[in-house]
Amino acid sequence: MKKILILGAGGQIGSELSARLRDIYGNDNVICSDLRPLSGPIYERGPIERIDSTQIMQIAAAVKKHNIDTIYNLAAILSATAELNPMLGWNVGIGSLVNSLEVARLFGCAVFTPSSIGAFGPSTPLDGTPQDTIQRPGTIYGVTKVTGELLSDYYFKRFGVDTRSVRFPGLISNVTLPGGGTTDYAVEIYYAAAKGEKFICPLGKDTMLDMMYMPDALDAAINLMEADPSKLIHRNSFNVAAMHFTPEEIYAEIKKHKPEFQMEYNVDPIKQSIADSWPNWMDDSCARNEWGFNPKFDLAAMTVDMLDILGKRYSK
Ligand code: NAD
Ligand code: AKB
């Protein structure tokens with residue numbers, strides 16, 4: 001049975017991954033931690049630690065105390081926020097990564113650290129972005145992600161640490177709001193629609209980006225960590241994709257269910273320039289072939305589910 005430590009468990013992914021890992025491996029075998037206090041039913045099902053992942057001794061103490069064998073390192077500052085405070089983006093993203101890898105080396109843990117479409121940049125082929133291609137991102141977030149991929153592969157090859165990772169696209173979910181990324185609009189638009197509010201979109205109408213619904217993202221992380229290592233040709237990190245759309249296309253999909261919904265544009269120049277440098281859609285055939293990645297949700301199915309869940313939550 002696995003003993004798992006999640007760093008950054010309070011965020012958009014962590015709040016749902018915590019519940020899913022506890023369902024699979026047992027409440028007491030998944031230790032949720034974050035810099036911010038964790039409270040609520042998801043977390044109170046099992047052990048909680050307060051860990052600043054930029055402090056290696058705090059991670060090491062928790063790994064030792066709970067006999068951890070797997071670390072899900074989710075602590076990071078997302079793209080748009082990091083661009084406003086690049087040193088914070090670097091210190092959290094890289095601090096948490098290096099500390100996770102070092103503790104894993106010393107205590108024999110496996111490590112999952114998500115990469116992102118942000119690991120690509122303007123000189124990458126943006127349509128059908130290959131698994132192995134040019135990675136020259138123009139953001140500090142992207143620099144941390146490329147560093148993370150390289151360092152994770154280095155720790156595998158040099159020290160035998162079992163590092164695995166995916167390049168997540170923008171993730172859409174309904175439990176915890178996203179933490180300051182470029183793709184956040186694709187979550188916020190559903191909240192606005194469910195609340196009967198007008199949505200002001202920060203990206204231009206033709207901005208195509210890769211996206212994925214959270215259930216498929218959780219499956220991707222867990223299935224990769226459970227995959228037979230002898231089948232993995234790549235490790236850090238696999239392209240994974242499920243759908244891609246522009247703001248006009250998601251707006252049109254929501255309007256099929258809510259004809260009264262309204263959207264206007266007020267383009268944020270920082271987010272727009274980041275989005276313009278990211279893939280329109282990635283080729284994820286390596287993930288499909290090497291460990292059976294197989295997402296279930298497209299834009300239409302996700303829209304039905306999001307509006308159903310949020311509609312019930314915000315109905316008066
Ligand atoms: P998030 O911003 O929602 O959550 C990050 C969590 O890290 C927060 O709970 C925050 O309190 C915590 N944190 C920040 N500094 C910390 C520190 N020093 N010590 C401990 N915890 C700290 O982010 P997320 O969306 O859940 O993303 C998790 C990972 O997945 C990140 O590496 C992110 O880059 C990656 N990712 C996310 C997406 C997405 O769309 N959500 C897409 C691609 C990759
Ligand atoms: C962001 O927009 O920063 C994240 C990501 C795609 O990495 N959602």
Check: Val267 and Leu203 side chains under 4.5 Å, non-hydrogen atoms: no
Parallel, tilted or perpendicular: ring planes of Trp278 versus Tyr141, cut at 30 and 60 degrees: tilted
Intermediate values then yes/no, side-chain contact (heavy atoms from CB on, under 4.5 Å), Ser116 and Phe168: CA-CA 5 Å; Ser116 160; Phe168 279 135; 5.6 Å; no
Short side-chain to backbone donor-acceptor contact, Ser100 and Ser96, under 3.5 Å: yes
Between CG on residue Leu21 and CD on residue Glu16, distance to nearest 0.5 Å: 12.0 Å
Tyr155 side, atom OH; Glu102 side, atom CD - distance, nearest 0.5 Å: 3.5 Å
Side chain to side chain, Pro47 and Asp28, heavy atoms closer than 4.5 Å: yes
Spacing of SG belonging to Cys109 relative to CG belonging to Asn73, to within rounding of 0.5 Å: 12.0 Å
Ser79 and Thr182 side chains, donor-acceptor separation under 3.5 Å: yes
Residue Glu260 excluded, over 12 heavy atoms near CD under 6.0 Å: yes
Donor-acceptor pair between His66 and Glu49 side chains, under 3.5 angstrom: yes
Within-4.5 Å side-chain heavy-atom neighbours: Met211 and His244: no
Backbone N/O of Lys312 and side chain of Ser315: donor-acceptor pair under 3.5 Å: yes
Pairwise side-chain contact, Met282 with Ile117, heavy-atom cut-off 4.5 Å (strictly under): yes
Cys201 SG to Tyr251 OH distance, which is reported to the nearest 0.5 Å: 11.0 Å
Short side-chain donor-acceptor distance under 3.5 Å, Glu149 and Gln135: yes
Among Lys258, Glu253, Lys256, the one residue meeting side-chain contact (heavy atoms from CB on, under 4.5 Å) with Thr303: Glu253
Arg136 atom CZ, neighbour heavy-atom count above 12 within 6.0 Å: no
Side-chain donor/acceptor of Asp184 to backbone N/O of Gly180, under 3.5 Å: yes
Phe156 vs Leu101 side-chain heavy atoms within contact, under 4.5 Å: no
Intermediate values then yes/no, side-chain hydrogen bond (donor to acceptor under 3.5 Å, both in side chains), Glu248 and Tyr265: CA-CA 10 Å; Glu248 280 295 297; Tyr265 292 93; 2.5 Å; yes
Residues Thr163 and Ser152: side-chain donor-acceptor under 3.5 angstrom: no
Gln272 versus Asp276, side-chain donor and acceptor atoms under 3.5 Å: yes
Carboxylate-amine/guanidinium proximity below 4.0 Å for Asp23 and Arg20: no
Any side-chain heavy-atom pair of Leu35 and Ser53 under 4.5 Å: no
Check: Phe297 and Pro215 side chains under 4.5 Å, non-hydrogen atoms: yes
Plane angle bin for Tyr72 and Phe112 - parallel if under 30°, tilted between 30 and 60°, otherwise perpendicular: tilted
Asp162 and Met225: CA distance, side-chain angles, deciding distance, side-chain contact (heavy atoms from CB on, under 4.5 Å) verdict: CA-CA 9 Å; Asp162 185 359; Met225 292 309 281; 5.7 Å; no
Intermediate values then yes/no, salt bridge (Lys or Arg N to Asp or Glu O under 4.0 Å), Lys205 and Glu264: CA-CA 9 Å; Lys205 65 185 176 61; Glu264 286 177 7; over 6 Å; no
Phe261 six-ring face occupied by Lys255 cation (under 6.0 Å, within 45°): no
Met57 atom CE: more than 12 heavy-atom contacts under 6.0 Å: no
Modelled atom types, side-chain donor and acceptor of His234 and Glu290, under 3.5 Å: yes
Ile48 side chain near Ser33 side chain, heavy-atom distance below 4.5 Å: no
Side-chain H-bond candidate by donor/acceptor type, Thr176 with Gln12, under 3.5 Å: no
Any side-chain donor near an acceptor of the partner, Thr246 and Asp206, under 3.5 Å: no
More than 12 heavy atoms of other groups within 6.0 Å of Lys64 NZ: no
Steps toward salt bridge (Lys or Arg N to Asp or Glu O under 4.0 Å) verdict (Arg167, Asp284): CA-CA 10 Å; Arg167 294 178 185 133; Asp284 62 3; over 6 Å; no
Interatomic spacing from CG in Asn236 to CG in Leu150 - rounded to 0.5 Å: 9.5 Å
Tyr213/Asp305 under side-chain hydrogen bond (donor to acceptor under 3.5 Å, both in side chains): CA gap, chis, key distance, verdict: CA-CA 10 Å; Tyr213 196 30; Asp305 206 50; 2.8 Å; yes
